[in-house]
Amino acid sequence: MPKQKYYITTAIDYPNAKPHMGHAYEKVIADTLARWHTIKGDDVFFLTGTDEHGQKIEKAAQASGKSPKQFTDEMIIHFKNLCERLNVSYSEFIRTTDKRHTKTAVELFKKVMDKGLIYKGTYSGLYCTGCESFKTDKELQAGLCPDHLKAPEQLSEESYFFKLSEFQQKIIQHIEQHPEFIQPEAKRNEILNRLKEPLKDLSVSRTSFKWGIPLPFDKKHVIYVWFDALLNYISGIGYPTRKFNKYWPCDAHIIGKDIIWFHTVIWPAILLACDIPLPKTVFSHGHITINGQKMSKSLGNVVDPIEMIDKYGADAFRFVLLKDIPPHDDGDFSQENLVARNNTELADALGNLLQRTSVLIHKNFQGNIPVCGKLTQKEKELEDSIPKLDELNALMDSFQWHHVVEKIWAYINRCNKYVNDTEPWKLSNDPERLATVLYTLVEHLRIISILTWPMIPASAEKIAAQIGQKTGKLKDAKFTKKTKGTIAQPQILFKKIETKVQQVQSSVEQKAPAAEDPFSKLNLKVAKIEEVQNHPNADKLYVLKLNAGKEQRQLVAGMKEHYKPEELKGRLIVFVSNLKPAQLRGVESQGMMLAGEKDGKVRVLDPGKAEPGDQVYVEGITPRTEQMTIEDFQKVVLTTKNHIVIYNDKPLKTHNGPIQVELGDGAKIR
Ligand code: MSP
């Protein structure tokens with residue numbers, strides 16, 4: 001039977017800075033899927049790479065005083081190094097500056113143009129360099145890009161346009177007829193909803209900067225970076241050669257939720273225009289937060305994945321990403337969890353099983369795998385606990401690797417229970433039974449080495465080597481009585497980490513600016529009002545119970561004249577989380593809710609789409625967590641402009657957008 005092909009890709013990363021946790025996460029999940037298909041017996045092609053053109057890269061290169069090419073040549077070393085350190089088994093690393101890619105991009109641009117689907121015009125609009133895309137007014141929040149919290153620039157330039165609008169119905173039809181095309185389902189619905197609005201033609205060339213693929217027939221234009229970048233998925237497998245015909249259509253594009261529109265609307269339109277079949281699935285994963293907060297340079301909480309690998313090893317790091325981040329949602333990374341996972345699932349459960357088995361075989365059988373004797377009910381039951389391969393395959397096919405991990409570890413724990421139940425250390429007077437028990441353990445370790453290879457490849461290979469075997473394919477993950485070989489001297493698979501790890505968060509605190517800005521003393525957070533009660537001793541005050549993410553707070557607020565209880569209950573607010581608690585007419589207030597006042601009108605601040613516990617900050621100022629006094633607070637002058645709360649002309653924001661208030665300019669915030 002010819003092997004089934006499996007073609008998987010990650011997004012290609014912008015190398016404008018060193019790789020971060022999000023890049024590491026995406027590579028680990030794609031690698032786990034690629035390796036899973038490898039042991040399934042598929043012919044796997046796994047593509048990753050870097051997206052090197054566009055204004056964002058040009059600006060980063062300029063800032064470092066290098067040419068864009070020199071800059072990206074240096075930066076991609078970090079991305080390749082990350083793959084190597086993480087054991088990412090890519091088949092090909094594509095750079096959009098590679099000749100084979102730029103050639104394909106120009107050819108296909110030309111092909112679409114020759115079909116009359118690209119025409120020349122003038123574009124005027126608001127451009128966000130962070131997203132490398134034009135924004136409509138509707139997409140902006142209070143004039144800012146919601147992802148980058150920066151006001152886009154007004155641009156007007158000659159441009160080539162791609163007739164995206166021509167493909168709207170076909171794309172809708174494709175999404176509706178192929179439920180597997182966009183996963184998870186919630187994202188599919190989001191895209192279908194957005195597609196209810198008419199599509200506008202897409203500007204696919206730029207003239208205002210140089211760093212891109214020039215159009216040979218109109219050299220002042222460079223190809224729009226997304227048109228260029230998406231084509232990596234076909235240039236990376238040698239379009240239009242035999243290799244391309246073998247692997248295309250792609251089985252899984254693994255991407256983050258921020259770029260799903262490009263992959264499920266623009267990419268299909270480009271492919272349709274080029275008469276190339278559409279990929280099978282675009283899977284959009286959530287984003288990693290760090291200790292509950294979005295990673296951002298301004299918050300100073302960007303975690304360097306290489307530092308994590310140096311400190312804890314690639315497999316412990318891979319494991320925590322696979323186990324703790326829900327595939328379909330955002331998830332939090334913390335070193336505490338990493339240490340906990342390393343110590344329990346890896347060192348205690350897996351490492352210990354291998355260690356105990358190896359030591360006992362050395363002690364009783366000079367390191368030789370004993371011959372299996374008669375199997376009892378206990379062995380049968382253990383065999384029944386091997387996860388069902390059909391179930392694991394189905395879970396992997398629906399991008400639920402965290403459940404695969406759970407099932408495999410339930411099985412590993414079951415093996416440890418078997419050791420405790422059979423007590424092989426007490427069996428020295430029953431050599432045949434001892435041989436059977438230890439053989440059984442080796443056999444299950446062999447199966448475990450197969451099943452865990454996609455997640456923790458280096459450790460799985462060490463397990464196999466330790467028991468004198470090679471890691472096998474999924475079809476070999478079943479109990480046999482035929483395994484032979486010699487056990488190596490017992491080695492520790494995972495070292496337990498005893499030290500209390502330093503919170504990543506602490507680096508946020510350490511990075512307080514040298515000349516301290518009064519705002520840095522202020523730690524503002526988002527909370528949800530869960531309950532509103534009248535203050536027992538004061539007519540104008542409410543006592544509010546808040547959900548502030550990881551904690552509950554009680555606040556006293558003078559809002560009775562301005563809001564009815566039902567107007568406050570359930571609302572998201574902004575509050576000072578590090579204000580020294582105070583007794584207000586006999587009731588403790590653990591913080592202060594912020595509201596604006598203008599011409600006698602009082603309105604509470606509105607954090608928009610944020611979540612309870614989210615940090616509120618000002619770009620470039622790192623909030624501290626130490627307690628502050630009300631006097632410190634009074635030194636910070638906050639006001640409003642265009643309904644946005646500002647400090648020294650900069651917006652207050654959460655990672656989801658600016659803090660707003662329904663008051664005119666110049667309101668007083670307290
Ligand atoms: N260059 C574009 C992708 C072009 S694909 C044809 C890009 N690059 S990126 O470097 O900004 O992001 C690369 C991938 O990392 C994206 O899939 C993005 O969603 C993902 N992540 C970026 N930050 C992330 C987290 N915090 N968490 C998880 N993944 C995140 O977009």
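One-based numbering, in listed order, for ligands and for the atoms of each. This structure is a prediction, so every number in the text was calculated from the model and none was measured.
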Open item on the list: Considering non-hydrogen atoms of the protein only, which is the closest contact for atom 18 (C) of ligand 1, and what is the distance?
Closed with: D258 OD1, 3.6 Å
Open item on the list: Heavy atoms only, cut-off 4.0 Å: how does D13 contact ligand 1, side chain, backbone, both, or neither?
Closed with: both
TODO: Please work out whether any backbone atom (N, CA, C, O) or any side-chain heavy atom from C-beta onward of H20 is under 4.0 Å from ligand 1, and answer side chain, backbone, both or neither.
DONE: side chain
Task: Parallel, tilted or perpendicular, as decided by the 30° and 60° cut-offs, for the rings of F399 and W401 - done: perpendicular
Open item on the list: Would H263 count as a contact residue for ligand 1, given that I'm defining contact as a non-hydrogen atom of the residue lying under 4.0 Å from a ligand atom?
Closed with: yes
Task: side-chain hydrogen bond (donor to acceptor under 3.5 Å, both in side chains) partners of D13, counting only residues at least two apart - done: K27
TODO: Evaluate the ring planes of W248 and H253, with Trp represented by its six-membered ring, and classify them as parallel (under 30°), tilted (30 to 60°) or perpendicular (over 60°).
DONE: tilted
Task: Minimum-distance pair of heavy atoms, taken over all atoms of V526 and A610 - done: CG2-CB, 3.9 Å
Open item on the list: Looking only at distances, can you tell me whether any N or O atom of G256, backbone or side chain, sits closer than 3.5 Å to an N or O atom of ligand 1?
Closed with: yes
TODO: Using a 4.0 Å heavy-atom cut-off, say whether M21 meets ligand 1 through its side chain, its backbone, both or neither.
DONE: neither
Open item on the list: Quick one, I94 and L47 - any side-chain contact, counting heavy atoms below 4.5 Å?
Closed with: yes
Open item on the list: I need the contact type for Y233 against ligand 1. Using non-hydrogen atoms and a strict under-4.0 Å cut-off, is it side chain, backbone, both or neither?
Closed with: side chain
- [ ] Answer side chain, backbone, both or neither: which part of I259 comes under 4.0 Å from ligand 1, heavy atoms only.
- [x] side chain
Open item on the list: Angle between ring planes, F227 versus F109, binned at 30° and 60°: parallel, tilted or perpendicular?
Closed with: perpendicular
TODO: Anything under 30° is parallel, anything over 60° is perpendicular, the rest tilted; go ahead and classify Y123 against F134.
DONE: tilted
Task: For atom 17 (O) of ligand 1, the protein heavy atom that lies nearest, with its residue and separation - done: E26 OE1, 2.6 Å
- [ ] Check H287 against ligand 1 and report side chain, backbone, both or neither, counting heavy atoms closer than 4.0 Å.
- [x] both
TODO: Please state whether F262 comes within less than 4.0 angstrom of ligand 1, counting heavy atoms only.
DONE: no
Open item on the list: Minimum distance, heavy atoms only, to atom 3 (C) of ligand 1: which one of T96, I12, N16 is it?
Closed with: I12
Open item on the list: Please report whether ligand 1 has a polar contact with Y25, defined as an N or O pair separated by less than 3.5 Å (distance criterion only).
Closed with: no
Task: R85 to F317, cation-pi by 6.0 Å centre distance and 45° axis angle - done: no
- [ ] Run the contact test for G286 against ligand 1 with a 4.0 Å cut-off on heavy atoms, strictly below, and give the result.
- [x] yes
Open item on the list: So, using side-chain hydrogen bond (donor to acceptor under 3.5 Å, both in side chains) as the criterion, who are the partners of K66 when residues are at least two apart?
Closed with: E74
Open item on the list: Checking the N or O distance criterion of under 3.5 Å, is ligand 1 in contact with D51?
Closed with: yes
